[in-house]
Amino acid sequence: MYMSTENKLFQQFHDEGYVVFKNALNADLLNKLNQQCEQLTDLYMEKYSNIVSCSSRSLRETKDFKLLDFFNNNRNYCPRANRKDIDLDVIKNLFYETRFYNFAKKVLSSEDELVLFQEYSIRSVVPHSFSENITGWHQDASDKNPDLEMVIFWAPISGAETGGLKIIPKSHRLGAVEHSDTPPFYHVKNAILDNYLDGEISLDLEPGDCVMFHHHMFHTARANLSNKIRWSIDFRYQTLSQFERKRVGLIL
């Protein structure tokens, strides 16, 4: 029986817990994302200008060179996830992109409007040699918030050489599992995780690609072993009815 591309993607999401969209972000969207990264870089530099100084060379360079020079000697100030200073129009451009929005509605079986979950960010991860800024294996809806239902969107702004995501396909079928609060990161308990690590895969995505995955998917950030900053954007779809019930989210 013939199955449409949309239905094939939906079936893959159901079976594997994720779908990759290749070359799905157009040049205009990528340009706006890069402009946002440049603006965030300027904000970082201004915020800490009274604490540390950068070389005159770095101030004339690109955003990556600026931040690398800055944070090489000031690791305590390494940026992680930025939400407060993001231009929401940048999020809107992606959130309401027809292909992604309609796919999330289908996955969430929603006739309602979808809203933005409160956790969204543009992340800037410095190279591994400068920072141990790597998350542990986790679920975005776990034993701490088992009632949440979301579709997670993640897209790189930098190239695959800066690292990206690792996931464990089909782990979403386990539902919400126990997590540990032991430092340095909130993560799936090792007694559970060890049974599934053999199935992990790396998502080597380039700018223009994105992945949408299930809220119970085991995932983690990969180390950035390049000499560049890893920039990425992530956000989460949820239904309006869930927002109204939990008051956790943001109507764009």
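Only a predicted model underlies this, so the values are computations on that prediction, with no experimental measurement involved.
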Exercise. Answer yes or no: does atom NZ of K84 have more than 12 heavy-atom neighbours from other residues, nucleotides or ligands under 6.0 Å?
Key: no
Quiz item: Should R236 and V151 count as side-chain neighbours, where that means a heavy-atom distance under 4.5 Å?
Solution: no
Quiz item: Do any N or O atoms from the side chain of Q238 and from the backbone of L114 form a donor-acceptor pair under 3.5 angstrom?
Solution: no
Quiz prompt | Nearest heavy atoms of I229 and P127, plus distance in Å | solution = CD1-CD, 4.5 Å
Practice problem: To the nearest 0.5 Å, tell me how far S241 OG sits from E111 CD. | Solution: 11.0 Å
Practice problem: Mind listing the closest non-hydrogen atom pair of D204 and R222 along with its distance? | Solution: OD1-NH1, 2.6 Å
Quiz item: If every non-hydrogen atom of V90 is compared with every non-hydrogen atom of Q36, which pair is closest and at what distance?
Solution: CG2-OE1, 3.5 Å
Exercise. Evaluate the side-chain proximity of L25 to L94: yes if any heavy-atom separation is below 4.5 Å, no if none is.
Key: yes
Practice problem: For residues C37 and W231, report the shortest heavy-atom separation together with the two atoms involved. | Solution: SG-CE3, 3.3 Å
Quiz item: Is the distance between the ring centroids of F213 and H219 under 6.0 Å?
Solution: yes
Quiz prompt | Student check: side-chain heavy atoms of M217 and I152 closer than 4.5 Å | solution = no
Quiz prompt | H216 versus A141, closest heavy-atom pair with distance | solution = CD2-O, 2.8 Å
Quiz item: Between V211 and V19, is any pair of side-chain heavy atoms under 4.5 Å apart?
Solution: no
Quiz item: Can any side-chain N or O of S121 pair as donor or acceptor with the backbone N or O of N82 at less than 3.5 Å?
Solution: no
Self-check item: Trace of the side chain to side chain donor-acceptor pair (under 3.5 Å) decision for N224 with T162
Solution: CA-CA 5 Å; N224 178 3; T162 63; 5.1 Å; no
Practice problem: Evaluate the criterion side-chain contact (heavy atoms from CB on, under 4.5 Å) for residue pair L33 and N93; output intermediate values, then yes/no. | Solution: CA-CA 10 Å; L33 288 173; N93 286 331; over 6 Å; no
Quiz item: Do Q11 and D15 have side-chain N/O donor and acceptor atoms under 3.5 Å apart?
Solution: yes
Exercise. Could you tell me the separation between the CD atom of Q35 and the CG atom of D87, rounded to the nearest 0.5 Å?
Key: 10.0 Å
Exercise. Measure centre to centre between the rings of H214 and H172, then say whether the value is under 6.0 Å.
Key: yes
Quiz item: At what distance, to the nearest 0.5 angstrom, does OG of S232 lie from CG of L165?
Solution: 7.5 Å
Quiz item: Hey, are the side chains of D198 and Y196 touching, using non-hydrogen atoms and a 4.5 Å cut-off?
Solution: no
Quiz item: What's the spacing between H215 NE2 and L148 CG if we round to 0.5 Å?
Solution: 7.5 Å
Quiz prompt | Ring centroid separation F95 to Y237 under 6.0 Å | solution = yes
Quiz item: Have D112 and T239 got a donor and an acceptor in their side chains that come within less than 3.5 Å?
Solution: no
Exercise. Measure from NZ or CZ of R83 to the centre of the six-membered ring of Y120 and say whether it is under 6.0 Å with the direction within 45° of the ring axis.
Key: yes
Quiz item: Is the distance between the ring centroids of H187 and H179 under 6.0 Å?
Solution: no
Exercise. Please round to the nearest 0.5 Å and tell me the distance separating atom CE of M212 and atom CE of M150.
Key: 12.5 Å
Self-check item: Flag, side chain of Q139 to backbone of V177, donor-acceptor distance under 3.5 Å
Solution: yes
Self-check item: F218 side chain near I167 side chain, heavy-atom distance below 4.5 Å
Solution: no
Self-check item: Short side-chain to backbone donor-acceptor contact, H14 and Q12, under 3.5 Å
Solution: no
Quiz item: CZ of F103 to CD of E97: how many Å apart, nearest 0.5 Å?
Solution: 14.5 Å
Quiz prompt | Nearest heavy atoms of G159 and E206, plus distance in Å | solution = CA-OE1, 3.4 Å
Quiz item: Given side chains that start at C-beta, do those of I168 and I201 come closer than 4.5 Å, heavy atoms only?
Solution: no
Practice problem: Using the side-chain contact (heavy atoms from CB on, under 4.5 Å) rule, take W154 and C210 through it: C-alpha gap first, then chi angles, then the decisive distance, then the call. | Solution: CA-CA 6 Å; W154 185 90; C210 67; over 6 Å; no
Quiz prompt | Aromatic centroids of F100 and F21 separated by under 6.0 Å | solution = yes
Quiz item: Is the NZ atom of K106 crowded by more than 12 outside heavy atoms at less than 6.0 Å?
Solution: yes
Exercise. Spell out, as yes or no, whether a donor-acceptor pair under 3.5 Å connects the side chain of N34 to the backbone of L30.
Key: yes
Quiz item: Given R123 and R230, is the side-chain contact (heavy atoms from CB on, under 4.5 Å) satisfied, shown in steps?
Solution: CA-CA 8 Å; R123 302 177 190 271; R230 176 167 77 233; over 6 Å; no
